[in-house]
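Report on the structure given below.
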There are 2 protein chains.
Amino acid sequence: MARAGLSTERLVRAGAELADEVGFGQVTVSALARRFDVQVASLYSHVKSSQDLKTRIALLALEELADRAADALAGRAGKDALVAFADVYRDYARAHPGRYTAARLRLDPETAATSAGVRHAQMTRAILRGYDLTEPDETHAVRMLGSVFHGFVDLELSGGFSHSAPDSQQSWTRVLDALDALLRNWPAPA
Amino acid sequence: MARAGLSTERLVRAGAELADEVGFGQVTVSALARRFDVQVASLYSHVKSSQDLKTRIALLALEELADRAADALAGRAGKDALVAFADVYRDYARAHPGRYTAARLRLDPETAATSAGVRHAQMTRAILRGYDLTEPDETHAVRMLGSVFHGFVDLELSGGFSHSAPDSQQSWTRVLDALDALLRNWPAPA
DNA sequence: TGTATTTGCCTAAAGCTTTTAGGCAAATTA
DNA sequence: TAATTTGCCTAAAAGCTTTAGGCAAATACA
């Protein structure tokens, strides 16, 4: 019989596509085997388990996101950088909802430490260097930005803003305006 | 044989407890049947499907959250209300991680429209009435608050802030300070 | 080029979850 | 007490996960 040419790499890529098509929750080893027209057990030579597959998809998504974010940040600073960075998240989530969901998978600490998640944190700090925050406020701001971006995108993705005016794009723009204003004028502890 | 005294109500409650113990993702009809020491098929008289069970747990969590939020808001206004409301989310998520995850389940529009989610939106607006925002800025602010609360709590729940200083409580306090300052001084469009 | 080794996908099989169908017995109502 | 409803049961089919062991194709090497 001819071989299908499976590899961990190809499986993970196909898994990511599958996630975007049918939702990350529906990504199964079985579905992937069907896609390659191959017996389910065959995939277990390339992937340790269903969980392993999902983790690898998450890591792929994190890398793709970090790459795009790095591109977007090149040559930008201040609000320009903030908006470009934020838009990368939102656009990625809209274009690749399954991958984005995967990127939010809980990783165990050591996996997380060697993932592209680290680059995300570094880039967020790079943006904040355009504002005059000192520690520990910069850390608080890093966390706030992460919260807003993820929170907004999650809510938008799960339909929280649809069917209500104004459309979410307008809120996104105004929220980023507000964040920029806030960072330029970060308040002292109450 | 003696009857176990199952009911939709009891199943949903037990399902919520199970979710808090082993994670919402691990809530299955089978696991629930085991907990009641009953055959799996028996549960299908009380619950339409696995999805139905999960949706009901989500609705329960949304109601519990709304009830607590309403209690917390009673007699409070301004920043006091903002902080109390935000703390309800965070505390609930920490005390009931499985239920909180359930509360974030994507509901179909009609289910969502009759859920306690509506009360959440109303309460957020009530808080904002303590600040001088007019439409459409109030709506943008509603969305921003929802994003920050959910985003922060999600990140905290998935371990995003652990093992790094300062501890997340400090960031939470300062983020709420910042949000209060921002709402008191909401910027005009850029 | 022929042989040896590695690698890739296969069959088989066990265990778990979901869901439907039909049945008997316990609880409720009359 | 008899009739009806309700609750949990057994049985069974179908799908996903995972392990074990095997044959054949690809690769390495002489």
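Bear in mind the structure is a predicted one, so any value in this text is a computation, not a measurement. Letters A, B, ... mirror the listed sequences (proteins, then strands); counts begin at 1. Below, all heavy atoms of this structure are taken into account, side chains as well, without hydrogens, waters or symmetry copies.
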Are A:His46 and C:dT7 close enough that a side-chain N or O sits under 4.0 Å from OP1 or OP2? no

Using whole Å, report how far CD of A:Gln51 lies from P of C:dC16. 19 Å

Whole angstrom is fine here: how far is it from CD in A:Gln39 over to P in D:dT17? 14 Å

Kindly point out which of C:dC10, C:dT19, D:dT18 is positioned nearest to the side chain of B:Ser49? C:dT19

When you get a sec, tell me which of D:dC9, D:dT17, C:dC9 is the closest nucleotide to the side chain of B:Val38? D:dC9

Would B:Glu138 and B:Thr134 satisfy side-chain hydrogen bond (donor to acceptor under 3.5 Å, both in side chains), going step by step from the backbone distance to the final call? CA-CA 6 Å; B:Glu138 190 174 284; B:Thr134 52; over 6 Å; no

B:Leu43 CG - C:dT20 P separation (whole Å): 13 Å

Separation of A:Asp52 atom CG from D:dT18 atom P, in whole Å? 10 Å

List the steps and the verdict of side-chain hydrogen bond (donor to acceptor under 3.5 Å, both in side chains) for B:Thr173 and B:Gln169. CA-CA 6 Å; B:Thr173 300; B:Gln169 173 59 54; 3.0 Å; yes

Proximal nucleotide (of D:dA11, C:dC9, D:dT17) relative to the B:Ala41 side chain: D:dA11

Closest nucleotide among C:dT18, D:dT10, D:dT18 to the B:Tyr44 side chain: C:dT18

Does some side-chain heavy atom of B:Tyr44 sit less than 4.5 Å from a side-chain heavy atom of B:Gln39? no

For B:Ser45 and D:dC8, is the shortest distance between a side-chain N/O and OP1 or OP2 below 4.0 Å? no

A:Glu9 bridged to A:Arg13 by N-O distance under 4.0 Å: yes

Measure from CG on B:Leu53 to C1' on C:dT17 and round the result to the nearest Å. 13 Å

Check the phosphate of C:dC16 against B:Thr28, side-chain N and O only, distance under 4.0 Å to OP1 or OP2. Yes or no? no

Once you apply a heavy-atom cut-off of 4.0 Å, does A:Ala31 come out as touching a base, just sugar-phosphate, or nothing? nothing

When you measure from the side-chain N and O atoms of B:Arg34 to the phosphate of C:dT17, is any distance below 4.0 Å, counting only OP1 and OP2? yes

Would you verify whether the NZ or CZ of A:Arg143 falls within 45 degrees of the ring axis of B:Phe161 while also being under 6.0 Å from that six-membered ring's centre? yes

Please state whether the phosphate of C:dT18, meaning OP1 or OP2, lies under 4.0 angstrom from any side-chain nitrogen or oxygen of B:Ser50. yes

Rounded to whole Å, please give me the gap between NZ in A:Lys54 and P in D:dC16. 12 Å

